[in-house]
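Source: prediction; values computed, not measured. Quick note on labels: first sequence line is chain A, next is B, and so on, each numbered from 1.
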Amino acid sequence: MSDVSARQRACAPTDPEWLEGAVVLATQAGLPLVSRPFEAVAERIGATPEAVEACMRSMLERGAIRRIAAVPNHYAIGYAANGMSVWDVDDALTAECGRAVGALDFVSHCYQRPRRPPVWPYNLFAMVHGRDRQEVEGKVATIARMLGDRVRGFEVLYSTRILKKTGLRLRRGDADATQPTRAR
Amino acid sequence: MKADQREVGVRGPVAARGGTSQSARPRRVLDALDRAIVNRLQDGIAVEARPFATCAAELGIDEASLVRRIEGLLADGVLTRFGPMYDAERLGGAFSLCAMAVPAERFDDVAEVVNGFPEVAHNYERAHRLNMWFVVGAGSRADVDRVVAAIAAETGIEVVDLPKIEEFFVGLRLEV
């Protein structure tokens with residue numbers, strides 16, 4: 001990647017900030033599928049394997065990397081339907097509700113967001129996946145039962161069209177793309 | 001995990017149109033080992049010299065076979081990605097989920113304006129009064145605010161700005 005080599009020229013490979021940026025750029029499309037993947041990353045960016053491993057452990061510890069894991073194509077594994085369920089729960093109970101909902105295996109994202117009355121009364125968002133819309137409805141009902149009288153109201157918003165889908169920019173000034181290079 | 005083989009269909013983003021009627025085009029039949037790998041790898045690997053060797057031992061196969069299987073699962077579109085899942089916000093960006101109630105007759109024109117901003121990463125039509133939902137990502141909260149204000153000004157439509165307050169879980173962790 002040309003950005004990486006530009007950075008390499010500009011900073012010393014021992015600079016932690018440089019290293020982190022180089023590791024992000026070299027791995028955001030995926031980890032090399034080789035026996036020693038972190039060594040391969042190190043070789044690509046011109047750092048030592050030990051430095052790359054320490055850098056990635058540090059990012060894992062502070063949550064900048066959530067996991068080093070496989071992301072399934074949920075359509076491909078049979079989960080064709082997804083709905084954005086939105087919930088109005090008491091602000092004081094949002095954290096306990098959010099943790100409980102986030103722990104469900106059919107929820108892929110669970111966030112607290114602000115209400116915007118009067119147009120938007122919901123403060124808890126949970127993306128629910130199922131094989132079809134009926135299964136999603138059933139899972140939303142499971143959440144509703146679990147949360148019980150802590151819920152004052154909820155809705156499920158289904159996407160009807162993708163209007164734009166590009167990768168989130170991971171770092172200002174760097175190349176875009178959380179988008180996979182291998183996805184079809 | 002069931003022992004039977006299940007046909008899977010691999011389709012592009014258009015599959016997100018929702019509903020149950022689309023017929024999936026099967027491209028790969030997942031066998032028991034594929035499913036064990038997909039389930040295991042969603043939990044993540046450790047940072048160590050040979051992480052695939054460790055995982056392979058858990059799965060009762062050798063390292064080279066595991067790597068080949070992962071390559072195949074990626075090539076067949078069963079996995080979209082294998083690697084670090086970055087939290088872009090903790091790497092120094094700012095993001096917000098935004099929604100607008102766009103009149104039907106202006107929908108495509110407004111979508112064009114919104115999509116024209118490079119800071120808009122995803123944009124979805126959703127079945128709701130608030131029918132356009134998009135993510136704005138920029139270098140700082142002030143930059144996000146500027147983009148949100150510019151979208152409202154250019155479209156003349158209120159932008160409901162819903163930045164994350166707390167994250168409870170992110171990740172797809174679907175058993176196959």
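Considering CE of A:M84 and CH2 of B:W133, their distance stands at 4.0 Å, rounded to 0.5 Å. How far CG of B:N131 is from CZ of A:R161: 10.0 Å, rounded to the nearest 0.5 Å. Separating the NE2 atom in B:H122 from the CD1 atom in A:I162 is a distance of 9.0 Å, to the nearest 0.5 Å. Rounding to the nearest 0.5 Å gives a distance of 11.5 Å between OG1 of A:T160 and OH of B:Y124. Residue A:S35 holds its OG atom at 11.0 Å from CG of B:L66, rounded to the nearest 0.5 Å. The NE2 atom of A:H109 lies 9.0 Å from the CZ atom of B:F169; values are rounded to the nearest 0.5 Å.
For the residue pair B:R81 and A:T27, the shortest heavy atom distance occurs at NH2-O, 3.4 Å. Nearest approach of B:Y86 to A:Q28, heavy atoms of both residues: CE1-CA, 4.2 Å. Residues A:K164 and B:V120 approach most closely at NZ-O, 2.9 Å, considering heavy atoms. Heavy-atom minimum distance, A:V119 versus B:V160: CG2-CG2, 3.9 Å. The nearest pair of heavy atoms linking A:W120 to B:H128 is CZ3-CE1, 3.8 Å. When all heavy atoms are compared, the tightest approach of B:Q42 to A:P72 is OE1-CG, 3.5 Å.
Per-residue heavy-atom pair counts under 4.5 Å with chain B were compared for A:L60, A:L124, A:L104, A:V52, and the maximum is reached by A:L104. Of the listed residues (B:V67, B:V38, B:I45), the one with the most heavy-atom contacts under 4.5 Å to chain A is B:I45. Among the candidates B:P51, B:A111, B:A53, the residue making the largest number of heavy-atom pairs closer than 4.5 Å to chain A is B:P51. Of the residues considered (B:R40, B:R50, B:E125, B:R90), B:E125 shows the highest number of contacts with chain A, using heavy-atom pairs under 4.5 Å. Each of B:V114, B:L73, B:N115 has some count of heavy-atom pairs under 4.5 Å with chain A, and the biggest count is that of B:N115.
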Criterion side chain to side chain contact (heavy atoms under 4.5 Å, CB included) on A:T94 and B:I165, from CA distance to verdict: CA-CA 11 Å; A:T94 311; B:I165 295 173; over 6 Å; no

Stepwise side chain to side chain contact (heavy atoms under 4.5 Å, CB included) check, A:F125 with B:L97: CA-CA 11 Å; A:F125 285 60; B:L97 178 66; 3.8 Å; yes

Working for side chain to side chain contact (heavy atoms under 4.5 Å, CB included), residues B:L91 and A:E20: CA-CA 9 Å; B:L91 286 173; A:E20 203 171 277; 4.1 Å; yes

Stepwise side chain to side chain contact (heavy atoms under 4.5 Å, CB included) check, B:F134 with A:L163: CA-CA 9 Å; B:F134 51 93; A:L163 305 168; over 6 Å; no

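Heavy atoms closer than 4.5 Å to chain A are found nowhere in B:A99, neither backbone nor side chain. Proximity to chain A is limited to the side chain of B:R129, based on heavy atoms less than 4.5 angstrom apart. A:V34 touches chain B through its backbone: at least one of N, CA, C or O sits under 4.5 Å from a heavy atom, while the side chain does not. Of the atoms belonging to A:A126, not a single heavy atom falls under 4.5 Å from chain B. Of the two parts of A:M127, only the side chain, counted from C-beta on, holds a non-hydrogen atom closer than 4.5 Å to a non-hydrogen atom of chain B. Using a 4.5 Å cut-off between heavy atoms, A:P114 touches chain B through backbone and side chain atoms alike. There is no contact between A:E39 and chain B, counting heavy-atom distances below 4.5 Å. Interface remark: B:E48 contributes backbone atoms only to the contact with chain A (heavy atom separation under 4.5 Å). Contact annotation for B:D43: only backbone heavy atoms (N, CA, C, O) come within less than 4.5 Å of a heavy atom of chain A. A:Y158 touches chain B through its backbone: at least one of N, CA, C or O sits under 4.5 Å from a heavy atom, while the side chain does not. Within the 4.5 angstrom heavy-atom criterion, atoms from both the backbone and the side chain of B:A127 approach chain A.
Counting only heavy atoms from C-beta outward, the side chains of A:L33 and B:F52 approach each other to under 4.5 Å. At a threshold of 4.5 Å between non-hydrogen side-chain atoms, the residues A:Q112 and B:K164 do not count as touching. With a 4.5 Å cut-off on side-chain heavy atoms, A:V101 and B:F168 do not count as touching.
In this structure, the side chain of A:R67 does not engage the main chain of B:G44 through any donor-acceptor pair within 3.5 Å. In terms of modelled atom types and a separation under 3.5 Å, the side chain of A:N73 and the main chain of B:G77 share a donor-acceptor contact.
Using a 4.0 Å cut-off between a side-chain N of Lys or Arg and a carboxylate O of Asp or Glu, A:R66 and B:E167 qualify as a salt bridge.
Residue-environment remark: CD (A:E43) stays at or below the threshold of 12 foreign heavy atoms within 6.0 Å. Within 6.0 Å of atom CD in B:E166, more than 12 heavy atoms from other residues, nucleotides or ligands are found, so the atom counts as buried in its surroundings.
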